[in-house]
Amino acid sequence: GAVVSQHPSWVICKSGTSVKIECRSLDFQATTMFWYRQFPKQSLMLMATSNEGSKATYEQGVEKDKFLINHASLTLSTLTVTSAHPEDSSFYICSARGSLLLYEQYFGPGTRLTVT
Amino acid sequence: ELKVEQNPLFLSMQEGKNYTIYCNYSTTSDRLYWYRQDPGKSLESLFVLLSNGAVKQEGRLMASLDTKARLSTLHITAAVHDLSATYFCAVFGGNTPLVFGKGTRLSVIA
């Protein structure tokens, strides 16, 4: 099946700094990528949807200036958490959908972000 | 707006027992997914149900879909400890991203 990777798998950063998370589709072209956030013992919450070459569409309540999403190519999307705060600590999971299998979403392994 | 409801949210069951997790969704959809998540891990795809009446089975888990009732069930047969995890159903609402239920945290105890 299709593989989605994320890097890093975990990161610790200090308050006020920025951190970038990469999401790659390894064996297919991801026309659409999704970023989810999951707090402990909760469900996945969609943060934003991005199409290659276009600006991301953010869900209500998600600060677009804080969570910068770039989908510059068909295999790479990045999420940058700017000026991170402890409340941004969470598990971030990306998901990708290809042009050929429009109804399938493939999930990455997740990135655990801890802001101290 | 598509909404997905799961119940129960928490389930503690004894080894060897059977139980069912329910997933209701609010608008028409013919694609429903079940995922398993272990602590600290991402999602593992269990089943994709594509049409009314679809039934899929893998080991001790069996999933079914009734699109008319907008209901899917995940049935656990003779539970074992290894099945302890959180199970999510998710529904595809056309060209939108998957919408997830809140998840069912399953704990299988001896």
- Task: Begin from the C-alpha positions of B:Asn18 and B:Thr77 and carry the test side chain to side chain donor-acceptor pair (under 3.5 Å) through to its verdict.
- Result: CA-CA 5 Å; B:Asn18 305 332; B:Thr77 302; 4.6 Å; no
- Evaluate side chain to side chain donor-acceptor pair (under 3.5 Å) for A:Gln38 paired with B:Gln37, printing each intermediate quantity in order. CA-CA 12 Å; A:Gln38 186 180 33; B:Gln37 187 179 37; 2.8 Å; yes
- Query: Heavy-atom distance under 4.5 Å to chain A: side chain of B:Glu44, backbone, both or neither?
  - Reply: neither
- Contact leader toward chain B among A:Thr32, A:Leu44, A:Leu46, where contacts are heavy-atom pairs under 4.5 Å: A:Leu44
- Task: Under 4.5 Å heavy-atom distance to chain B, tell me which part of A:Gln6 shows up: side chain, backbone, both or neither.
- Result: neither
- Query: Parallel, tilted or perpendicular: which describes the rings of B:Phe100 and A:Tyr36, with under 30° parallel and over 60° perpendicular?
  - Reply: perpendicular
- Query: Does the pair B:Ser64 and B:Thr73 meet the rule for a side chain to side chain donor-acceptor pair (under 3.5 Å), with working shown?
  - Reply: CA-CA 5 Å; B:Ser64 66; B:Thr73 60; 2.7 Å; yes
